[in-house]
Protein chains: 2
Amino acid sequence: MSLMAEKLSPLDRLGPQRISILGATGSIGSSALDLVAHHGGTFSIEALSANSNVQLLAHQAIKFKAKLAVVADEGAYGDLCEALSGSGIEAAAGQSGLIEAAERPVDCVIAAIVGVSGLNPTLAAIKKGQRVGLANKECLVCAGDLFMKEVERSGATLLPVDSEHSAIFQLFDFDHPERVEKIILTASGGPFLKTPLDVMQNASPEMALKHPNWQMGRKISIDSATMMNKGLELIEAFHLFPVAVDQLDVLIHPGSVIHSLVQYCDGSVLAHLGTPDMCIPIAYALTWPDRIECPVKPLDLAQIGTLSFEEMCEERFPALTLCRQALQTGGCAPTILNAANEIAVEEFLCHNIGFGDIARVIDLVMEQAARENMLNNASDLQEIATVDAYGRQKALSVIKKLQAQGEFAGYSTE
Amino acid sequence: MSLMAEKLSPLDRLGPQRISILGATGSIGSSALDLVAHHGGTFSIEALSANSNVQLLAHQAIKFKAKLAVVADEGAYGDLCEALSGSGIEAAAGQSGLIEAAERPVDCVIAAIVGVSGLNPTLAAIKKGQRVGLANKECLVCAGDLFMKEVERSGATLLPVDSEHSAIFQLFDFDHPERVEKIILTASGGPFLKTPLDVMQNASPEMALKHPNWQMGRKISIDSATMMNKGLELIEAFHLFPVAVDQLDVLIHPGSVIHSLVQYCDGSVLAHLGTPDMCIPIAYALTWPDRIECPVKPLDLAQIGTLSFEEMCEERFPALTLCRQALQTGGCAPTILNAANEIAVEEFLCHNIGFGDIARVIDLVMEQAARENMLNNASDLQEIATVDAYGRQKALSVIKKLQAQGEFAGYSTE
């Protein structure tokens, strides 16, 4: 199992652990740097990258004495050079810069670029056989087969950086994967767990954005409301762990204290609990198979008092069923599903389609893609990009057609 | 860490795994044999022992084609020979028979003799370097230092057979024990969790025997009501896992679904959940580091609905404090505590002392033992037996003295 190729923790050797962070100015990147700052000389920074936030990137690079700072937006290269002038820190820009940042040999690359633009640099790190802390969802959702093949080939170590998959990684017996009966991802249930189905179908973006537990970005908030977010995590889990699709379950657990569970053939169910803080999975990816102290409030179950659970209702959350189907179909089905979902969510947020239409649009796109023979395996990221574009374009045309037929439900306002 | 000396599971090699069961006719022994029966040719039985139940022992020995059957009660040897006549199964009796059963080389010895009579044969198995599934509480409570020293010396593999310690064993990172912050044993809370303190002090045996979740033996039911049972488990955990006394916590969890938790320095808390069934820890001890399917109802968290937790109140349960103190004192303090508790519980069950007096008696015995310099380390089981007898005798004399002074509270009847 290539996930387990490396057996020593970087903490085991002398000197600071060198890390590079792709997507340093985002939420995961900033949390990773907070951890680096908290641990003084334990870590050192090789490379940092950002999409366009040159000021923050330069500030981070100088503060953490990075060797290389890369801005993805080539137009911002001049600004970066200026911001770094006199610091001795190397500046670079564009795809080649990102690849350079990904390929420099380090103890761990945190791959935290958001969206499909994370695919190329993350794959570059993997091809070099690096240890990669993976925080980008799209790598495994859109190109899971391709990524895992490269992990296998290069001997890279892939460590998930999100709470659910990090939890499973900590509980999964890679020596005896055949003893695992089920992986159980927990889901908070989102804002519509108890909403009457007809009200939910016609919910407004404002209603759907109100997540009960977290303030998150708009796209991921809607994905939580449809449960697509959990479905995409299910696809990621399928690639990360050697299990079959029907061994992946979702359990509603509104408190999000249990991050996920692994059920074994002997009736043992192992669970990972913790204060919800991304510092924990980031630190785990950096130090596995060891651990390091995190500046996180300790979990106090007595204070929390109760944990509650209920069954997932896939009738309420058809996006989850669509994700399962895409996994069963395999090939590029998850790529197209993800593309169609992105468009549908955008159109929903612009009040162009109803909440219940999101899953409907994806379903229609998937059907059409099957008919048009677009679900085969992709052999490289170029093909993935083509399929992704196809999915987006089909979603737009499906939406246009249904709108023309007056077939979309309206939505209620609160 | 000698606990982890053996890295291959007995399941990894060809042919059935040979096991011996000391205490085959008891609850753990019978459950172990149920598992053997359930798995057909996976296991084979070398030796079985019983205290005095010759008929059941002979029945088990014949059914499972044991090579050796041993009855501890020497007076029952004739009956055993008769019951086994014609079967070709060897019969033996007494201490030498038990030692023979413990020492025959097998893949696993299940040490399930109840009480101090389990010490000698269990130690014999350990001295031979066997894998031992330990279900006897007294080995570690009364002679923990001695047992663990022998485990270390012989290279025996000690696997706990009770739900709490098996849970911890499955979650504890023996490669990085310094990363463990806390071991958290869960406790159901027993019948007096919500009882007013003054009512609890004067509770009758009938009230104390009513455990909310389980039908158990009388001694262990009272130990659950006083929380002494959890305190003894705390002492066992101290010997089984490389942690300090103040790293051992107890958490009230009335549902007993989470069997225990391990909290790491990074904020991760790992938990073991399951349907309460001794089959699970028995099977784990037999097959570790592998697992085997158990005929147990799968855990259904959605059906269970909620798990609840509350802080342990040591004012309510002074027995727990006494156990911690005994651990801090070390030497033979836990041996004397256990002996005094056995006597106090007996006297309580005979209506001779009140419920609240159990802890008081133990406390007074511990004080006296300290004054009389009886808390030093014991170097062999003979010394342990002497200290145990001392503790029992002191408990009886403390009770007598207080009774004479009219100092015991009465108890209420329901």
Side-chain angles (χ1 to χ4, degrees), chain A residues 7 9 11 166-167 170-171 173 175-176 178-182 184 186 249 251-253 257-259 261 263-275 277 279-284 287 289-312, chain B residues 7 9 11 166-167 170-171 173 175-176 178-182 184 186 249 251-253 257-259 261 263-275 277 279-284 287 289-312:
Chain A
K7 284 289 177 190
S9 167
L11 295 179
S166 179
Q170 294 179 46
L171 306 168
D173 184 357
D175 289 332
H176 302 97
E178 72 282 8
R179 304 308 186 201
V180 171
E181 264 183 5
K182 274 184 190 172
I184 304 167
T186 49
D249 263 14
L251 176 70
I252 299 280
H253 168 43
V257 170
I258 296 186
H259 299 142
L261 308 99
Q263 179 182 317
Y264 286 90
C265 65
D266 64 353
S268 290
V269 178
L270 305 187
H272 181 285
L273 297 77
T275 304
D277 191 313
C279 177
I280 300 176
I282 292 169
Y284 192 75
T287 61
D290 202 346
R291 295 176 193 267
I292 200 165
E293 181 261 323
C294 283
V296 170
K297 195 170 149 260
L299 186 71
D300 186 340
L301 283 173
Q303 202 194 356
I304 290 168
T306 59
L307 304 179
S308 66
F309 309 92
E310 51 188 280
E311 223 168 311
M312 171 57 71
Chain B
K7 284 289 177 194
S9 167
L11 295 178
S166 179
Q170 294 179 47
L171 307 168
D173 184 355
D175 289 331
H176 302 97
E178 72 282 9
R179 304 308 187 202
V180 171
E181 264 184 3
K182 274 186 189 170
I184 303 167
T186 49
D249 264 13
L251 176 70
I252 299 281
H253 167 43
V257 170
I258 296 187
H259 298 143
L261 309 97
Q263 179 182 316
Y264 286 92
C265 64
D266 63 353
S268 289
V269 178
L270 306 188
H272 181 284
L273 296 77
T275 303
D277 191 313
C279 177
I280 300 177
I282 293 169
Y284 192 76
T287 61
D290 202 346
R291 295 177 191 269
I292 200 165
E293 183 261 323
C294 284
V296 170
K297 195 169 149 263
L299 185 70
D300 185 340
L301 283 173
Q303 204 196 351
I304 290 169
T306 59
L307 304 179
S308 65
F309 309 92
E310 50 189 279
E311 224 167 311
M312 171 57 71

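Since the model is a prediction, treat every value here as computed from it, not as a measurement. Reckoned from all heavy atoms, side chains included, excluding hydrogens, waters and symmetry mates. The sequence lines fix the lettering, A, B, ..., with proteins before strands; numbering per chain opens at 1.
Only the side chain of B:Q263 comes within less than 4.5 Å of a heavy atom in chain A; its backbone stays farther off. With a threshold of 4.5 angstrom between heavy atoms, B:D173 approaches chain A through side-chain atoms but not through N, CA, C or O. Contacts between B:I282 and chain A at a heavy-atom distance below 4.5 Å are absent for every atom of the residue. Looking at B:E311, both its backbone and its side chain come within 4.5 Å of chain A, counting heavy atoms on both sides. Contact annotation for B:L261: only side-chain heavy atoms (C-beta onward) come within less than 4.5 Å of a heavy atom of chain A. Proximity to chain A (any heavy atom under 4.5 Å) is restricted, for B:L251, to the side chain, taken from C-beta onward.
In terms of heavy-atom pairs under 4.5 angstrom with chain B, the leader among A:L273, A:T306, A:D266, A:V296 is A:D266. Counting heavy-atom pairs closer than 4.5 Å to chain A, the top-ranked of the candidates B:L299, B:I304, B:I280, B:D290 is B:D290. Of the listed residues A:G274, A:P298, A:A271, the one with more heavy-atom pairs under 4.5 angstrom with chain B than any other is A:A271. For the options B:H176, B:E293, B:Q170, B:K297, heavy-atom pairs under 4.5 Å to chain A are most numerous at B:H176. Each of B:G267, B:C279, B:A283, B:G305 has some count of heavy-atom pairs under 4.5 Å with chain A, and the biggest count is that of B:G305. Chain B forms the most heavy-atom pairs under 4.5 Å with one residue out of A:L307, A:D277, A:I184, A:I292, and that residue is A:L307.
In terms of heavy atoms, A:S268 sits closest to B:H272 at OG-NE2, 2.8 Å.
Side-chain atoms of B:R291 do not come within 3.5 Å of backbone N or O of A:R179 as any donor-acceptor pair.
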For the pair B:V269 and A:L301, evaluate side-chain contact (heavy atoms from CB on, under 4.5 Å) and give the outcome as yes or no after the intermediate values.
CA-CA 10 Å; B:V269 178; A:L301 283 173; 5.6 Å; no
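Side chains of A:L171 and B:L270 form a contact here, defined as non-hydrogen atoms less than 4.5 Å apart.
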